[in-house]
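Here the structure comes first, spelled out in structure tokens, and everything after it is commentary.
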Amino acid sequence: MAGIIPSPSNFIENIINSDLENNKYGGRVHTRFPPEPNGYLHIGHAKSICLNFGIARKYNGLCNLRFDDTNPSKEDIEYVESIIEDVKWLGFDWEDRLYFASDYFEQLYDYAVQLIQKGKAFVCDLSNEEMREYRGTLTEPGRESPYRDRSVEENLDLFARMRAGEFPDGFRVLRAKIDMGSPNMNMRDPALYRILRATHHRTGDAWCIYPMYDYAHPLSDYLENITHSICTLEFEDHRPLYDWVLETLELEERPLQIEFARLNLSQTLMSKRKLRELVEQGFVDGWDDPRMPTLSGLRRRGYTPESIRDFCDRIGVAKSNSVVDMAQLEHAVREDLNRRAQRFMAVLRPLKVVIESYPQGQVEELDAENNPENPQAGWRKIPFSRELYIEQDDFMESPPKKFFRLSPGREVRLKHAYIIKCEEVIKDDATGEVLELRCSYDPQTRSGADTSGRKVKGTLHWVSAAHALPAEVRLYDHLLKESAPQEIEEDEDLPGRGELKQMLNPRSLEKLTGCQVEAGLKEAVPGQGYQFLRQGYFCLDAAAGDQLVFNRTVPLRDTWAKIHKPGRPG
RNA sequence: UGGGGCGUCGCCAAGCGGUAAGGCACGGGUCUUUGGAACCCGCACUCGAAGGUUCGAAUCCUUCCGCCCCAGCCA
């Protein structure tokens with residue numbers, strides 16, 4: 001038996017450990033991630049990807065990427081491509097094991113013939129509606145199809161003619177012969193093959209009959225020598241059928257299906273259907289809108305693969321339905337980006353500051369640390385001059401208690417620069433709006449060369465007016481309002497247009513256009529995370545072309561905002 | 001009211017008969033030229049409820065309660 005048995009950390013690994021101890025698969029561990037190419041991958045899929053590939057890695061096994069492409073009417077090559085890109089981006093490698101269920105159509109057909117020969121499958125002429133009636137209900141058993149006792153020869157002939165295209169779509173199906181009285185609806189002679197004329201993205205028009213998931217999946221797993229076939233909870237009822245297919249065909253070393261609870265995240269949606277609705281109704285810009293929980297959306301938002309993997313590790317794997325707090329995901333990116341993101345200064349809502357005691361026309365190059373968490377990141381030069389911009393929020397004319405920032409007569413440190421004092425406030429006479437601040441600076445207080453020994457409570461970020469670059473910054477917030485009932489997530493009943501709309505957070509996107517950012521950001525590249533000092537992590541929007549547009553990945557934790565909640569006095 | 005699952009801190013989640021891990025969130029503190037980060041402290045006498053078995057139960061048994069899934073020729 002190969003390898004060490006790692007300490008168990010979830011019920012799936014417990015099962016694998018026990019299989020390993022019993023030498024059940026000769027010490028092999030082989031999993032697969034089996035997406036249907038009918039939509040874009042989201043963070044919920046990431047949980048499954050990390051689980052399957054993670055187990056393979058941990059146990060020195062293998063994990064395949066297999067497309068479950070048995071329904072050509074819903075699937076498309078576009079999705080295949082995006083899924084491949086996303087799994088790669090997440091950091092996983094299936095080597096040469098990229099498979100498609102459609103690769104097995106011929107073998108699947110042969111197995112179906114065997115089932116018929118064993119008297120375990122039959123061609124049924126019941127219509128869709130009739131089949132539903134015959135199926136019975138949750139509390140009443142079903143009735144056997146009048147076609148159930150056709151001879152093997154007749155079934156063989158009919159099935160061959162189904163394949164040959166002799167019958168119209170939906171005219172007949174191949175059914176398993178199991179038990180119409182089973183309390184498990186899935187065992188009431190389920191359909192194995194249906195007639196469907198749709199051009200398949202891989203097999204074209206070679207087939208007009210397509211296998212059902214319940215039939216194709218166990219056999220695909222078997223053909224790939226999968227040992228542990230991990231899927232979500234709703235398939236628990238299907239396991240007896242999964243086993244029936246393999247047992248009835250007398251296949252040995254059968255894979256074991258294990259079910260876990262899919263991921264739900266607070267303040268967002270996870271169903272492909274609802275996400276599609278958001279895209280199609282124009283509530284978001286597309287599948288990769290940075291507010292979407294899709295992997296492409298998270299990528300554009302600035303989430304790193306490392307942070308998503310870490311998140312998936314932290315949330316664990318179990319069988320109880322649960323809703324993970326979005327704060328958990330946000331924590332994971334912050335932790336990753338804090339270590340790696342280069343710091344820059346960027347003023348989102350500029351307020352002009354003139355340092356009156358600073359010489360006209362003088363420009364000083366100051367030293368700024370690129371990342372205090374990583375000395376290797378080095379230092380850079382930033383220009384300081386007489387006219388600067390600071391954040392509007394960093395000045396208050398009548399400050400509340402514990403406001404450590406600038407206000408008339410008060411002093412603050414400008415990060416990497418000097419301590420300044422607010423001498424005068426220039427306002428618009430008509431509106432009272434603060435237009436500009438007149439300040440003085442203390443030359444003795446230059447960062448790294450402070451001989452004044454003075455201490456101030458606040459440190460502000462700033463940017464030199466003449467040197468800064470204009471930019472657009474997009475601030476994102478949760479897709480759904482705090483109050484949104486996440487529970488109705490998977491409800492198949494289409495909520496009225498208004499209902500979905502009501503759940504949306506109207507402030508999920510705020511575009512700031514007059515921002516002034518540090519000149520070094522001109523070199524920003526897509527896919528790289530940056531910290532804008534005191535504000536959060538941002539990344540260049542790759543879709544914005546030549547414009548300098550930054551997406552906020554996640555804000556920094558903000559204790560001031562917490563104690564100064566709106567609606568609370570000072 | 002048939003079948004299959006699940007119920008451990010506000011949110012995740014370990015625990016597998018020997019006396020409740022960890023993370024997030026939250027609260028307090030230290031430090032700080034990011035109100036960031038880091039660090040320290042606090043945060044379930046109790047495991048859906050009630051009985052029972054046992055020297056001993058979140059873990060075993062019984063009953064009850066709550067929630068999720070299943071009646072596609074979707075996956």
Side-chain angles (χ1 to χ4, degrees), chain A residues 8-10 14 34-36 38 68 70-71 73-75 124 126-128 131-133 135-142 169-175 182-188 190-196 209-210 212-214 216-217 231-240 259 261 266 272 313-332 334-335 338-339 343 345 369 372-373 402-405 412-417 419 445 447-448 450 455-461 487 490 531-536 555-564:
Chain A
S9 60
N10 65 51
N14 288 170
E36 183 190 13
N38 69 343
D68 226 327
T70 57
N71 185 357
S73 66
K74 290 187 175 176
E75 297 153 7
C124 182
L126 252 27
S127 71
N128 203 334
M131 236 175 102
R132 192 186 324 123
E133 286 160 23
R135 188 155 34 229
T137 69
L138 294 178
T139 50
E140 307 155 22
D169 285 9
F171 194 68
R172 292 190 222 264
V173 293
L174 181 73
R175 289 227 253 168
S182 172
N184 181 346
M185 303 290 290
N186 295 300
M187 301 299 270
R188 321 243 263 226
L192 265 22
Y193 270 90
R194 76 284 215 182
I195 302 174
L196 176 64
I209 58 172
Y210 290 94
M212 303 291 292
Y213 166 88
D214 284 318
H217 206 87
C231 63
T232 46
L233 250 31
E234 67 271 26
F235 291 104
E236 211 147 15
D237 285 344
H238 297 238
R239 194 177 350 134
E259 311 84 9
S266 67
K272 283 184 192 173
D313 283 346
R314 287 166 182 263
I315 58 174
V317 181
K319 296 193 71 158
S320 62
N321 291 112
S322 59
V323 181
V324 174
D325 197 319
M326 185 62 97
Q328 191 93 231
L329 217 209
E330 295 175 342
H331 170 81
R334 283 198 193 100
E335 195 174 76
N338 176 50
R339 280 200 316 265
R343 272 60 172 171
M345 294 204 283
E369 199 176 15
E373 301 298 315
K402 292 204 235 163
F403 183 80
F404 302 152
R405 283 112 97 146
V412 292
R413 149 102 35 207
L414 292 181
K415 180 74 178 175
H416 303 310
I419 290 178
T445 58
S447 239
D450 192 326
K455 290 276 180 200
V456 287
K457 273 193 280 194
T459 301
L460 310 187
H461 62 275
E487 291 68 41
E490 279 299 332
Q531 186 192 98
F532 289 0
L533 237 52
R534 299 208 302 137
Q535 303 194 101
L556 249 30
R557 288 189 66 215
D558 188 349
T559 26
W560 166 244
K562 217 181 292 177
I563 50 182
H564 189 249

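In what follows, chains are A, B, ... by sequence order, proteins preceding strands, each numbered from 1. Computed over heavy atoms, backbone and side chain alike; hydrogens, waters and symmetry mates excluded.
A/Glu373 comes within contact range of at least one nucleobase, with a heavy-atom separation under 4.0 Å. Residue contacts shown for A/Asp68 are limited to sugar-phosphate atoms, with no base heavy atom under 4.0 Å away. A/Tyr193 comes within 4.0 angstrom of no nucleic acid atom, judged by non-hydrogen atoms across all strands. Residue A/Arg343 is classed as a base contact, given a heavy-atom separation below 4.0 Å to a base. If you check every strand for non-hydrogen atoms under 4.0 Å, A/His238 touches a base. Residue contacts for A/Gly448: at a heavy-atom cut-off of 4.0 Å it reaches a base atom on one of the strands shown. Using a 4.0 Å heavy-atom criterion, one finds that A/Val456 contacts no nucleic acid atom at all. Residue contacts shown for A/Pro240 are absent, as no nucleic acid heavy atom lies under 4.0 Å away.
For the pair A/Asn186 CG and B/rG2 C1', the interatomic distance rounds to 13 Å; values are reported in whole Å. Residue A/Glu140 contributes atom CD, which lies 16 Å from atom P of B/rA71 at whole-angstrom precision. Taking atom CD of A/Glu259 as the reference point, atom C1' of B/rC68 lies 14 Å away to the nearest angstrom. Atoms CD1 (A/Ile315) and P (B/rC12) sit 11 Å apart, rounded to a whole Å. Following rounding to the nearest Å, A/Tyr210 (OH) and B/rC73 (P) show an atom-to-atom distance of 18 Å. Whole-Å rounding puts the A/Glu369 CD to B/rG36 C1' distance at 13 Å. Atom NE2 of A/His461 is separated from atom P of B/rU32 by 23 Å (rounded to the nearest Å). For the pair A/Arg132 CZ and B/rA71 P, the computed distance is 11 Å after rounding to whole Å.
In terms of phosphate contacts, A/Thr137 brings no side-chain nitrogen or oxygen within less than 4.0 Å of OP1 or OP2 of B/rG2. Side-chain N/O atoms of A/Ser320 include none lying less than 4.0 angstrom from OP1 or OP2 on B/rG5. Proximity of A/Arg188 to the phosphate of B/rG72: no side-chain N or O atom is located under 4.0 Å from OP1 or OP2.
When the nucleotides B/rA37, B/rG3, B/rA14 are ranked by their closest atom to the side chain of A/Asn184, B/rG3 comes out on top. In the set B/rA37, B/rG35, B/rG5, the nucleotide with an atom closest to the side chain of A/Arg534 is B/rG35. Taking the side chain of A/Trp560 as heavy atoms from C-beta on, and the options B/rG35, B/rC74, B/rG5, the nearest nucleotide is B/rG35. Taking every side-chain heavy atom of A/Lys402 into account, B/rG35 is the closest of B/rA13, B/rG35, B/rA75. When distances are taken from the side chain of A/Asp237 to each of B/rG3, B/rC6, B/rA37, the shortest belongs to B/rG3. The listed nucleotides are B/rG35, B/rG2, B/rC73; the one nearest the side chain of A/Met212 is B/rC73. Comparing atom distances between the A/Arg405 side chain and each of B/rG5, B/rG35, B/rA75 picks out B/rG35 as nearest. The A/Thr559 side chain lies nearest to B/rG35 when the options are B/rA71, B/rG35, B/rC74. With B/rG5, B/rC73, B/rG35 as the candidates, the nucleotide lying closest to the side chain of A/Lys319 is B/rG5. Considering only the side chain of A/Met185, B/rA71 comes nearest among B/rA71, B/rG3, B/rC68.
The residues A/Arg314 and A/Glu335 are annotated as salt-bridged, a charged nitrogen and a carboxylate oxygen being separated by less than 4.0 angstrom. Taking 4.0 Å as the cut-off between side-chain N and carboxylate O, A/Glu36 and A/Lys74 do not count as a salt-bridged pair.
Nucleotide B/rG72 is shown with a syn base, its glycosidic torsion being within 90° of 0.
At least one donor-acceptor pair closer than 3.5 Å links the side chain of A/Arg334 to the backbone N or O of A/Pro555.
Contact of A/Asn14 with B/rC16 (side chain to base): a donor-acceptor pair of N or O atoms is detected under 3.5 Å. A donor-acceptor contact under 3.5 Å is formed by the side chain of A/Gln531 with the base of B/rU34.
Comparing the P positions of B/rA20 and B/rG48 gives a spacing of 16 Å, expressed to the nearest Å.
Partner assigned to B/rC67 is B/rG5, using Watson-Crick or G-U wobble distances below 3.5 angstrom.
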Using a cut-off of under 3.5 Å, enumerate the N/O to N/O pairs linking the protein to nucleotides 21-25 of chain B.
residue, atom, partner, partner atom, Å
B/rG23, O2', A/Arg314, NH1, 2.9
B/rG23, N2, A/Gln328, NE2, 3.0
B/rC24, OP1, A/His331, NE2, 3.3
B/rC24, O4', A/Gln328, OE1, 3.2

